[in-house]
2 protein chains.
Amino acid sequence: MKLTPQRLEIFQELLSHKDHPSAELIFKNLRKRLPTISLDTVYRTLATFDELGIIKRLNVSNARTLFDTNLDQHHHFICTRCKKVEDVYWPDFDKSNLPKSISTLGSIQTRHLELHGICNQCLNKENNM
Amino acid sequence: MKLTPQRLEIFQELLSHKDHPSAELIFKNLRKRLPTISLDTVYRTLATFDELGIIKRLNVSNARTLFDTNLDQHHHFICTRCKKVEDVYWPDFDKSNLPKSISTLGSIQTRHLELHGICNQCLNKENNM
DNA sequence: TTATGTGCAAAGACTTTGCTCCTCA
DNA sequence: TGAGGAGCAAAGTCTTTGCACATAA
């Protein structure tokens, strides 16, 4: 794979996000320092990175595709109000065995838990009104 | 809410699916007996049903939106090869308590587990080649 | 009757692709 | 130099919306 300035910048931009940026956001941020970059290059590069396993596509609810730079085994809590996505860890669950009724369905490789609810910040806003 | 023939037929069509149909599939099937129905009516009606809680939107991987008629608490196993979505039940997990690090993030209302792997049918195909 | 729903067409949001020129290795 | 990448524009896919007519209650 060629090391182009675009790829380097996209990679750097990804590293600076601890959250879950969209292609659009990466593009917008990058444009400030790389004015000629195009959105399709960002899409193409993110797809490449995803194939290489450097990042992971994330599909939550009906929103646009997000990208996750956290490769540790983890899950997500999605606030139904502000749509924020937070990483959550639950190692005991990850280690637990699947019940037979599930494990016999095939070869199960990954498990990903999606928790939905209202985050503390949104709860606080509500209480202050 | 008005009880229109379209809505009735869409509802019936939904009931006949134990799997997870897309709006497009519902539309195609319905067309046979209701040739004038339009795809946007299907979309609109499915959105209405979703709001009413009669069905649930399902967003798995990068695929189009699917609709789930199974309202029991359950999870999904998605075959990464044939993209089939199977319902799975794990009541013990549903009953288990979330760790404090998670439950303190906010008010968590639902948990949905997505299992990814290769289903038995795809595994068999592989072995027979 | 009248609030609502439907069908049509068109727009919209997001993402991908074809092509030509460019550039890293 | 040559294979692979970038930028541009355009197309694609899935879904939603505006509007005029139709229809259930």
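Letters A, B, ... are given to chains in the order of the sequence lines, protein chains preceding strands, and every chain is numbered from 1.
Among the heavy atoms of the strands lying under 4.0 Å from A/Thr65 are primed sugar atoms or P, OP1, OP2 only; no base atom is included.
Between A/Trp90 and B/Phe93, the ring-plane angle classifies as tilted under the 30° and 60° cut-offs.
Between B/His76 and the options B/Glu86, B/His116, B/His112, B/Glu114, a side chain to side chain donor-acceptor pair (under 3.5 Å) holds for only B/His112. A side chain to side chain donor-acceptor pair (under 3.5 Å) with B/His20 is found for exactly one of B/Asp87, B/Thr65, B/Asn70, B/Thr69, namely B/Asp87.
Remark: B/Arg33 engages B/Glu13 in a salt bridge, criterion side-chain N to carboxylate O under 4.0 Å.
Within the structure, a side-chain polar atom (N or O) of A/Gln6 is placed less than 4.0 Å from OP1 or OP2 of D/dG7.
Across all their heavy atoms, B/His74 and B/Tyr89 have their closest contact at CB-CE2, 3.6 Å. Of all heavy-atom pairs between A/Ile78 and A/Val85, the closest is CG1-CG2, 4.1 Å.
Remark: P of D/dG12 and CZ of B/Arg64 are 16 Å apart, rounded to the nearest angstrom. Counting to the nearest Å, the C1' atom of D/dA25 and the CZ atom of B/Arg7 are 13 Å from each other. Distance B/Phe27 CZ to D/dC14 C1': 13 Å, rounded to the nearest Å. Distance B/Ile10 CD1 to C/dG7 P: 8 Å, rounded to the nearest Å. The interatomic distance linking B/Leu8 (CG) with C/dT6 (P) rounds to 10 Å, in whole Å.
For residues 34-51 of chain B, the salt bridge (charged side-chain N to carboxylate O under 4.0 Å, His left out) pairs, not counting sequence neighbours, are B/Asp40-B/Arg44, B/Asp50-B/Arg57.
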Report the C-alpha separation of A/His17 and A/Leu25 in whole Å, then their side-chain angles, then the decisive distance to 0.1 Å, and conclude whether the side chain to side chain contact (heavy atoms under 4.5 Å, CB included) test is met. CA-CA 10 Å; A/His17 284 268; A/Leu25 183 68; 3.6 Å; yes
What is the per-nucleotide protein-contact pattern of nucleotides 20-25 of chain C, from the 5' end, where B denotes a base atom under 4.0 Å from a protein heavy atom, S denotes such proximity for sugar-phosphate atoms only, and - denotes neither? ---BBS
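If you check residues 30-59 of chain A against DNA chain D, the residues with a heavy atom closer than 4.0 Å are A/Thr36, A/Ile37, A/Ser38, A/Asp40, A/Thr41, A/Arg44, listed by number.
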